[in-house]
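Okay, structure first, notes after.
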Amino acid sequence: MKRLFVYNTMTRRKEEFKPLREGEVRMYVCGPTVYDYTHLGHARTYIAFDVIRRYLEHIGYTVFMVMNFTDIDDKIIRRAKETGQEPKELAEKFLAHFLRDMNALKVKPADVYPRVTEHIDEIIEFIRRLQERGYAYEGSDGVYFDVSKFMDYGKLSGIDVDELRKGVRVEPGEGKDSPEDFALWKKAKPGEPKWESPWGEGRPGWHIECSAMSSKYLGERFDIHGGGSDLIFPHHENEIAQSEACFGHEWVRYWLHTGFLMVGGEKMSKSLGNFVTIEELLSRYGAETIRLFIIQKHYRSPLEYTEDGMEHARNSLERLYNTMENIRVAMESAEVKFRWGDAEFEFYEELRRAREGFYAAMNDDFNTAEALKYVFLASNAANRYLTRTEHPGTSLLLKAVEFFRAVSDVFGVMEDYFVERSTGLEEELINLLIGVRNELRKEKRYDLADRIREELGSLGVQLEDTPKGTVWKRKMKAGTGR
RNA sequence: GCCGGGAUAGCCUAGAGGCGAGGCGGCGGACUGCAGAUCCGCUCCACCCGGGUUCAAAUCCCGGUCCCGGCUCCA
């Protein structure tokens, strides 16, 4: 296995990835606060981590992946009030939406999706430990983390507490000793959802859930913690403070953060209202088009959303599918080789280079944009080989297919190609129609011949007349892509 | 104010001292009854500006300009 390097936000450098346990990667990705629809910005992050996770699995690791749901917090309570629902009902609804969207986007599910409301006991216990160790104090309206007690505060984001103070205003908060302190437990105001605790009825603060729930499932030390860049401060900074204060040692080995999804030069966000929901996007483009759009750019860079960009992605994907179909069709005229010509030597070499380049790019901080370049090089090489030979080498075609299967495995693109199964009957019926159509063509009855081709086309079967005869290919359905 | 990230051919993206960048789009050609797919060629020597280092800079150094983000809920 080649060495894998990842960019660690903590050290601001690429570091060689070495999991704490041999062969296993434990990772935690901050999930959404479920108070609204999932939009492309979220998808960007979760698809990025999905690719990272798939790649780690692909190169042989067992990945234990945890993603939390914040299903109770201020925004949920506020939104519920506005829409006249119970907070629980609201959270339930959007949580279901999120899972549905992720599934539609072919994001592999996490192993556990711990929810705050299902882990109140663990959270209370965590706060109690912090209190015992002298890092937490009780104020009039809640329990707070005492930032001044944690010396390393700011090490992830590079924020300096003094700067923070004089810079912009920090939430004053009635019960806080110091403005930079943050809530671990919020005492309930009338009408708010609440749970019993040693500090009276209330609910957890935002950051504590991740510390408490990650340690339950992944232990007090694990490999990767990720999320959008907007979580670096204060969320992840506060998580580090809580966790390391509590455990007394380094908590997370590698911090990975995704760049923002931009629209018209601004960050796509719920609060700006400039978002495209996944549902809406899926109605116009296929999941794989959306994935390719995201994969085309490195996960840490900002990504600008445009209609043009989506269409480019769709066209690019179509090209890959065409290549797969070309290979499939060529399989029928393929043969084992008793002698290689230039075309074979060259194709072999191009495939070899594509594979090498793909893995080298992925090993360099999951550089999907660079890796994709090699996918296209392989695609071009395959097409070129097919036009150069009457009878392609079976083994070479299989080699190409295996490479694309690996790509599909990691990117979650071209999956349809590998999972779709013909029933056999389907194939026979299409061949029957092709036969009829060719007789019509011989008689120059092109109107009927073209009608067969057109109608099959609208069913997703494309007929192509080649010097070798008529072949049929599956094609991407118009409008939706894949 | 304090921290980050960027400016790459018509568009989108990688790269990071010399080794044809990839995709999308456009034009022309081959193939075809037409279409489609594919291939070939072209889209003239791409890297924000000004200095410097070097045999060699898009890549390193210095100085600018412009854009974006974080410091507040946010993926």
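Just so it is clear, the structure is predicted and the values come from calculations on it, not from any experiment. Letters go in sequence order (proteins before strands), and every chain restarts at 1. Atom set for the values below is all heavy atoms of this structure, side chains included, hydrogens, waters and symmetry mates excluded.
- Here the two rings, on His257(A) and His236(A), have centers that are under 6.0 Å apart.
- Checked against the 6.0 Å centroid threshold, Tyr217(A) and His119(A) count as a close aromatic pair.
- Between Lys468(A) atom NZ and rA37(B) atom C1' the separation is 13 Å, expressed in whole Å.
- Contact annotation for Ile232(A): no contact, since no heavy-atom pair falls under 4.0 Å across all strands.
- Residue contacts for Lys444(A): at a heavy-atom cut-off of 4.0 Å it reaches no nucleic acid atom on any strand shown.
- In this structure, Met268(A) reaches the bases: a heavy-atom distance under 4.0 Å links it to at least one base atom across the strands shown.
- Nucleotide rC60(B) is matched to rG52(B) when pairs are restricted to Watson-Crick or G-U wobble geometry with both distances under 3.5 angstrom.
- Side-chain atoms of Lys373(A) come within donor-acceptor range of the base of rA14(B), with a qualifying N/O pair under 3.5 Å.
- Nucleic acid contact for Leu463(A): base, since at least one base atom lies under 4.0 Å from a heavy atom of the residue.
- Comparing the same atom, C1', in rC3(B) and in rG10(B) gives a spacing of 36 Å after rounding to whole Å.
- Contact annotation for Gln462(A): backbone-only contact, meaning every heavy-atom pair under 4.0 Å involves sugar-phosphate atoms and none involves a base.
- Within 4.0 Å (heavy atoms only), Arg437(A) reaches at least one base atom of the nucleic acid.
- One can place CG of Asp364(A) at 11 Å from C1' of rA16(B), the figure rounded to the nearest angstrom.
- Between Trp185(A) and Tyr144(A), a ring centre-to-centre spacing not shorter than 6.0 Å is recorded.
- Following rounding to the nearest Å, Met262(A) (CE) and rG70(B) (C1') show an atom-to-atom distance of 12 Å.
- Distance noted for atom P between rG63(B) and rG22(B): 36 Å (whole Å).
- Remark: rC2(B) base-pairs with rG70(B); criterion is Watson-Crick or G-U wobble with both hydrogen-bond distances under 3.5 Å.
- The same atom, P, is picked in rG52(B) and in rA58(B); the two are 14 Å apart, to the nearest Å.
- Note on Lys297(A): only backbone sugar-phosphate atoms sit closer than 4.0 angstrom, heavy atoms only; bases stay farther off.
- Protein atom CZ of Phe260(A) is 9 Å distant from nucleotide atom P of rG69(B), rounded to whole Å.
- Nearest-nucleotide positions on RNA chain B place Asn326(A) closer to the 5' end than the other of Arg384(A) and Asn326(A).
- Comparing rA35(B), rC39(B), rC71(B) by their nearest atom to the side chain of Asp465(A) picks out rA35(B).
- A salt bridge does not link Glu356(A) with Arg353(A): every distance from a Lys NZ or Arg NE/NH1/NH2 to an Asp or Glu carboxylate oxygen is 4.0 Å or more.
- Atom name P, nucleotides rC11(B) and rG25(B): the rounded distance is 16 Å, in whole Å.
- Contacts of Tyr46(A) with the nucleic acid, taken as non-hydrogen atoms under 4.0 Å apart, involve only primed sugar atoms and P, OP1 or OP2.
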### Pair Asp465(A)-Arg441(A), salt bridge (Lys or Arg N to Asp or Glu O under 4.0 Å): steps then yes or no
CA-CA 11 Å; Asp465(A) 300 319; Arg441(A) 289 174 69 213; 3.2 Å; yes
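- Nucleotide rA14(B) holds its P atom 13 Å from the CD1 atom of Ile295(A), rounded to whole Å.
- Remark: ring of Tyr446(A) overlaps the six-membered base ring of rG33(B) in a stacked fashion, centroids less than 5.5 Å apart, planes less than 30° apart.
- Comparing Thr466(A) and Ala449(A), the nucleotide of RNA chain B nearest to each residue sits closer to the 5' end for Ala449(A).
- As judged by a 4.0 angstrom heavy-atom cut-off over every strand, Asp74(A) is placed among residues making no nucleic acid contact.
- Contact of Asp73(A) with rC73(B) (side chain to base): no donor-acceptor pair of N or O atoms is detected under 3.5 Å.
- Each of rG22(B), rG70(B), rG23(B) was ranked by its minimum atom distance to the side chain of Leu377(A); first place goes to rG22(B).
- With P as the reference atom, rC39(B) and rC60(B) are 35 Å apart, rounded to whole Å.
- When each of rG70(B), rC24(B), rG15(B) is scored by its nearest atom to the side-chain atoms of Glu370(A), the top-ranked nucleotide is rG15(B).
- For Arg453(A) against rC34(B), a side-chain N or O and a base N or O form a donor-acceptor pair under 3.5 Å.
- Nucleotide rC39(B) has rG29(B) as its partner under the Watson-Crick or G-U criteria, with both atom distances under 3.5 Å.
- The base of rG23(B) has none of its N or O atoms less than 3.5 Å from a complementary donor or acceptor on the side chain of Asn380(A).
- Checked against the 6.0 Å centroid threshold, Phe358(A) and Phe404(A) do not count as a close aromatic pair.
- Within the 4.0 angstrom heavy-atom criterion, no nucleotide atom of any strand lies near Gly226(A).
- Of the C1' atoms belonging to rC42(B) and rG50(B), the separation is 35 Å, rounded to the nearest Å.
- Taking 4.0 Å as the cut-off between side-chain N and carboxylate O, Lys106(A) and Asp416(A) count as a salt-bridged pair.
- In this structure, Glu311(A) places its CD atom 15 Å from C1' of rG23(B), rounding to the nearest Å.
- Using the Watson-Crick or G-U wobble rule with both distances under 3.5 Å, rG17(B) pairs with nothing in any strand shown.
- Across all strands, Asp308(A) comes closer than 4.0 Å to no nucleic acid atom at all (heavy-atom distances).
- Taking atom OH of residue Tyr305(A) and atom C1' of nucleotide rU13(B), one finds them 18 Å apart after rounding to whole Å.
- Here Arg12(A) lies in heavy-atom contact (under 4.0 Å) with sugar-phosphate atoms only.
- Taking the side chain of Asp450(A) as heavy atoms from C-beta on, and the options rC68(B), rC24(B), rC34(B), the nearest nucleotide is rC34(B).
- Each of rG23(B), rA35(B), rG69(B) was ranked by its minimum atom distance to the side chain of Glu464(A); first place goes to rA35(B).
- Within the cation-pi definition used here (under 6.0 Å to the ring centroid, within 45° of the axis), Arg44(A) does not qualify as a partner of Phe260(A).
- Counting any heavy atom pair closer than 4.0 Å across all strands shown, His298(A) reaches sugar-phosphate atoms only and no base atom.
- In a base pair of the Watson-Crick type (N1 to N3 plus N6-O4 or O6-N4) or a G-U wobble (N1-O2 and O6-N3), with each distance short of 3.5 Å, rA9(B) is matched with no nucleotide.
- For His39(A), whose side chain is taken as the heavy atoms from C-beta onward, the closest listed nucleotide among rG33(B), rA75(B), rC39(B) is rA75(B).
- Counting any heavy atom pair closer than 4.0 Å across all strands shown, Thr45(A) reaches a base atom.
- Ion pair Glu318(A)/Arg314(A) not flagged as a salt bridge, since none of the NZ, NE, NH1 or NH2 atoms sits closer than 4.0 Å to an Asp/Glu carboxylate oxygen.
- Taking the P atom of each, rU53(B) and rC2(B) are spaced 32 Å apart, rounded to whole Å.
- Which of rA37(B), rC39(B), rG69(B) sits closest to the side chain of Lys473(A) comes down to rA37(B).
- The side chain of Asn367(A) has rA14(B) as its nearest neighbour among rA14(B), rU38(B), rC34(B).
- Closest to the Ala369(A) side chain, of the nucleotides rA75(B), rG23(B), rU13(B), is rU13(B).
- The CD-P distance, from Glu180(A) to rC71(B), rounds to 16 Å in whole Å.
- Remark: rA46(B) base-pairs with no nucleotide; criterion is Watson-Crick or G-U wobble with both hydrogen-bond distances under 3.5 Å.
- Between Phe94(A) and Tyr37(A), the gap from one ring centroid to the other is short of 6.0 Å.
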